[in-house]
Amino acid sequence: MQITEVSAQGLKREYKVVINAAALDAVVSEKLEQLRQRVNMPGFRPGKAPAALVKKQYGRALLGEAMEEQVNSALKDTIESKGLKPAMQPKVEITSFEEGKDLECSLTVELLPEIEPGDFKQITLERMTVEIGEAEVDEFVTKIAENQKTYETVERAAENGDQIMLDFSGSVDGVKFDGGTAENYPLVLGSNSFIPGFEEQLLGKAVGEPVTVHVTFPENYGNSDLAGKAAEFACTIREVKAGQKAVVDDEFAKRFGLGSLQELRDNVKRDLGQEYKGLSRLQLKRKLLDQLADSHTFDVPPGMVELEFEQIWKEVTADEARFKAELAEENKSEDELKAEYTKIAERRIRLGLLLSEVGRRNNIEVKPEEVTKAMIEQARRFPGQERQVMEYFQKNPEASASLRAPIFEDKVIDFIVEMASVTDKPVSKEELTKAAEEAQA
């Protein structure tokens, strides 16, 4: 076997591999003899069929097997002899082969870059914190009470905040569309759960009074067949119900299995603290990743960037109507948007490789019980199907890896944050929420 490097550009290497015809024939002959000992052929006892006859019938298949084995062996030898660290599965292409002659193939390998992590002690970060006051707890408890309100029938026209039982039938250009018709549908006026402008046209309407509601579907509406189109709905209110606020006291708290109103308030404060802690982490993580991206510049494998971009682009263009709306809103061409997402893909790959190297150097690992915990959390999202979800993750290594990856990333992030200089910055909940939303953008 001869291995010759023919190209070396950046992280890409290309090799020409020549496999000697005699070596390939030897493998075929060995396979042929092994097969001859066990094959059943008409007119011959097992192991007694002539080699020439066996070769005539099975020779091409055995040659294919031998070629595959030799090419895989060549790939392994090339990687080991050259000390390569492939970033992804190398590409193999047979460039020349005739039976009885040498087999020539081309191996293209993209390598992992050499990464030297910086001094994380030089990183400075601000962690946003929110102090939870009694007024905020009051506001949240009030929202809980609002969601627990009951509705009682009243004899008057519909007002904002009422729950109405509604019959409606929608049409576009006089033609009814799927999902546009319902009877006795419970709708709270002012909830903004329907198309913009729909609920307002029902205010002041009485039970049994026919109402034609005129609306236009948003340009980014989920159903592209309806997006941006004018529609009308024939509506009739069957019943009007006024909301009755729940009394917030110890008895109210007992609806949630708690002993007192104070216990409810304590739980609310704890839950808000956990929520703000999660938002704060999102903001801190984004700031850290920004600094890491700015302070670490190294080549990344083009193939990895391409695969990441394809995944991003698939998600971006999955909803055609939303994609077109994004192009219009940002006033960009598809090529310009592709260039932007290519940069995002490159950043993701660079940061992923950096975090992976930090984890490797510092022996950061994901324990099996941590993956199992993540599986259980996922399974709980599908009540009644927990066992099937667990089996899915256990039988699909790629699915299991999708749970392992974010756990590993979070552990590496925590490791770096421990070394960085972090100061707390008190902010309002609005500031924190905005920062967390920007971090996820």
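Note that the numbering runs from 1 along the sequence shown for the chain.
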Verify whether one side chain among E263 and N267 offers a donor that lies under 3.5 Å from an acceptor in the other. no
Checking S356 side chain against G352 main chain: does a donor-acceptor pair fall under 3.5 Å? no
Thinking salt bridges, do R238 and D167 make one under a 4.0 Å N-O criterion? yes
Would you confirm whether D249, through its side chain, and F252, through its main-chain N or O, come within 3.5 Å as a donor-acceptor pair? yes
Are the charged groups of E340 and K332 less than 4.0 angstrom apart, N to O? yes
Do E251 and K254 meet the salt-bridge criterion of a basic N to acidic O distance under 4.0 Å? yes
When you check the gap from the basic side-chain N to the acidic O, do R387 and E391 get nearer than 4.0 Å? yes
Any side-chain donor paired with an acceptor under 3.5 Å for E232 and T212? no
Student check: side-chain heavy atoms of Q148 and F256 closer than 4.5 Å: yes
Do R347 and L289 have side chains that approach each other closer than 4.5 Å (heavy atoms only, starting at C-beta)? yes
Checking N223 side chain against D225 main chain: does a donor-acceptor pair fall under 3.5 Å? yes
So that I can tick it off, tell me whether R265 and D138 are bridged by a salt bridge, with the cut-off set at under 4.0 angstrom between side-chain N and carboxylate O. yes
Carboxylate-amine/guanidinium proximity below 4.0 Å for K429 and E139: yes
Decide if the gap between the ring center of F217 and the ring center of F177 is smaller than 6.0 angstrom. yes
Does a side-chain heavy-atom distance below 4.5 Å link P186 with M165? yes
Considering only NZ, NE, NH1 and NH2 on the basic side and carboxylate oxygens on the acidic side, decide whether E310 and K314 come within less than 4.0 Å. no
Ignoring hydrogens and geometry beyond distance, is a side-chain donor-acceptor pair present between S428 and E431 at under 3.5 Å? yes
Electrostatic pair K285-E409, nearest N-O below 4.0 angstrom: yes
A227 and Y221 have their tightest heavy-atom pair at CA-CB, 4.0 Å
NZ (K425) with more than 12 external heavy atoms under 6.0 Å: no
Report yes if some heavy atom in the side chain of K176 is under 4.5 Å from a heavy atom in the side chain of S169; otherwise report no. yes
Ring centroid separation for Y185 and F194, is it under 6.0 angstrom? yes
Hey, is E5 close enough to K16 for a salt bridge, meaning N to O under 4.0 Å? no
Less than 4.0 Å between a side-chain N and a carboxylate O, is that true for R360 and E357? yes
For E69, is there an ion pair with K31 - N to carboxylate O distance below 4.0 angstrom? yes
F309 ring center within less than 6.0 Å of Y341 ring center: no
Verify, without hydrogens or angle tests, whether Q274 (side chain) and R270 (backbone) share a donor-acceptor contact under 3.5 angstrom. no
Using a strict cut-off of less than 4.0 Å between a Lys/Arg side-chain nitrogen and an Asp/Glu carboxylate oxygen, indicate whether R348 and E308 qualify as a salt bridge. yes
For K149, is there an ion pair with E146 - N to carboxylate O distance below 4.0 angstrom? yes
